[in-house]
Trainee: 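The structure under discussion is supplied below as structure tokens; questions concerning it will follow.
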Number of protein chains: 2
Amino acid sequence: MFNLMVEHDLNGVFHALADPTRRAILDRLAEGEATVGALSRPFPLSLAAVSKHLGVLERAGLVTREARGRERVCRLDPAALADARAWLEFHERFWTDRLAALEALVGTARDESR
Amino acid sequence: MFNLMVEHDLNGVFHALADPTRRAILDRLAEGEATVGALSRPFPLSLAAVSKHLGVLERAGLVTREARGRERVCRLDPAALADARAWLEFHERFWTDRLAALEALVGTARDESR
DNA sequence: GCAATGTTCAACCCTTCGGTAAAATATTGT
DNA sequence: ACAATATTTTACCGAAGGGTTGAACATTGC
């Protein structure tokens with residue numbers, strides 16, 4: 001049933017989102033494109049570390065890096081985020097419905113046993 | 001701005017969701033509660049491995065384990081999932097809006113330069 | 001051409017992760 | 001009491017994660 005869904009690279013997307021530094025980078029990027037150096041400045045991390053984080057975000061499809069001269073400008077790509085959100089939304093509905101149905105069954109069973 | 005949000009344990013939730021085995025366990029659990037043994041049966045994994053995965057899901061708040069005799073029955077807890085979904089939904093909107101605003105600005109700038 | 005700037009790459013360190021197997025801990029049924 | 005069943009805990013292992021530093025690679029400006 002779920003095999004029909006794309007399951008784009010949920011592992012990668014969720015893994016990318018599981019790190020607060022990376023979420024902060026994404027938030028910063030929502031304000032507009034930025035170079036790797038500019039992105040790294042606010043963090044108490046080496047430039048290389050931030051570059052690695054950007055690699056994770058890029059592989060997850062959340063961010064694109066484009067060479068512009070000697071700097072790389074990073075931009076948010078909301079599509080992958082939308083994928084993850086859609087997955088969560090779908091499953092949340094699915095699970096809630098299932099659980100509601102089960103509760104209803106329990107209610108019925110309790111009624112019948114009276 | 002975002003500091004007002006709970007940021008419940010997004011690290012934990014997203015990390016928990018980043019593993020396909022754990023997502024499969026969650027899906028299985030949507031069909032109804034199940035014991036650790038029953039949950040582990042479909043997987044080519046040791047019982048201990050599945051028990052560990054359940055620990056991750058439990059710490060993330062996605063699943064509850066309750067002792068019933070010598071077995072532990074696991075149930076889905078959609079609340080944590082809803083938290084993650086809400087976070088994603090909010091940010092998706094926020095990012096999309098920001099990006100749209102930026103594009104609009106670029107358009108204005110282009111117009112003015114003509 | 002050369003020095004400075006921006007970014008990545010490579011090597012390394014330590015921790016966490018996902019897995020195993022085996023022992024420990026309940027609980028049940030006889 | 002005992003044996004079987006259900007689950008967790010305890011090492012342990014190899015791979016991956018997140019960090020560092022220093023060298024390598026482009027590009028820019030003089």
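Letters A, B, ... mirror the listed sequences (proteins, then strands); counts begin at 1.
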Trainee: Return yes if some donor-acceptor pair links the side-chain N/O of Arg22(A) with the main-chain N/O of Ala16(A) below 3.5 Å, else return no.
Mentor: yes
Trainee: If the test is side chain to side chain contact (heavy atoms under 4.5 Å, CB included), which one of Asp77(A), Leu29(A), Asp27(A) qualifies with Trp95(B)?
Mentor: Asp27(A)
Trainee: All N/O contacts under 3.5 Å from nucleotides 24-29 of chain D to the protein, with atom names and distances to one decimal?
Mentor:
residue : atom : partner  : partner atom : Å
dT27(D) : O2   : Arg70(A) : NH1          : 3.4

Trainee: For DNA chain C, note the earliest and the latest nucleotide, 5' to 3', having some atom under 4.0 Å of a heavy atom belonging to chain B.
Mentor: dC17(C) to dT28(C)
Trainee: One pair to check against side-chain contact (heavy atoms from CB on, under 4.5 Å): Val36(A) and Leu54(A). What are the steps and the verdict?
Mentor: CA-CA 8 Å; Val36(A) 179; Leu54(A) 284 166; 3.9 Å; yes
Trainee: Considering only side-chain heavy atoms of His15(A), which listed nucleotide, dG19(D), dG18(D), dT20(D), is closest?
Mentor: dG18(D)
Trainee: Please state how far atom CD in Glu58(B) lies from atom C1' in dT8(D), giving the value in whole angstrom units.
Mentor: 12 Å
Trainee: Tell me whether Leu57(B) is reachable from Phe94(A) by hopping between hydrophobic residues (I, L, V, M, F, W, Y) whose side-chain heavy atoms are closer than 4.5 Å.
Mentor: yes
Trainee: Please state how far atom CG in Leu47(A) lies from atom P in dT20(D), giving the value in whole angstrom units.
Mentor: 11 Å
Trainee: In this structure, how many angstroms lie between the P atom of dT7(D) and the CD1 atom of Ile25(B), rounded?
Mentor: 13 Å
Trainee: What is the nucleic acid contact for Ala48(A), judged by heavy atoms within less than 4.0 Å: base, sugar-phosphate only, or nothing?
Mentor: base
Trainee: Among Arg75(B), Arg28(B), Arg72(B), which residue meets the salt bridge (Lys or Arg N to Asp or Glu O under 4.0 Å) test with Glu33(B)?
Mentor: Arg75(B)
Trainee: Looking at Arg65(B), I'd like to know whether one of its side-chain N or O atoms comes within less than 4.0 Å of OP1 or OP2 on dT8(D).
Mentor: yes
Trainee: What is the distance, to the nearest angstrom, from the CG atom on Leu17(A) to the P atom on dG17(D)?
Mentor: 15 Å
Trainee: Taking His15(A) for its side chain and Asn11(A) for its backbone only, find out whether a donor-acceptor pair lies under 3.5 Å.
Mentor: no
Trainee: Could you state the atom-to-atom distance from CG of Leu54(A) to C1' of dG17(D) in whole Å?
Mentor: 16 Å
Trainee: Which distance, rounded to the nearest 0.5 Å, do you find between the CG of Leu10(B) and the CG of Leu17(A)?
Mentor: 9.0 Å
Trainee: Can you confirm whether more than 12 heavy atoms, excluding those of Arg93(A), are under 6.0 Å from its CZ atom?
Mentor: no
Trainee: If you measure from NE2 on His53(B) to CD1 on Ile25(B), what distance do you get to the nearest 0.5 Å?
Mentor: 6.0 Å
Trainee: Send over the distance from Glu66(B) CD to dA6(D) P, rounded to a whole Å.
Mentor: 18 Å
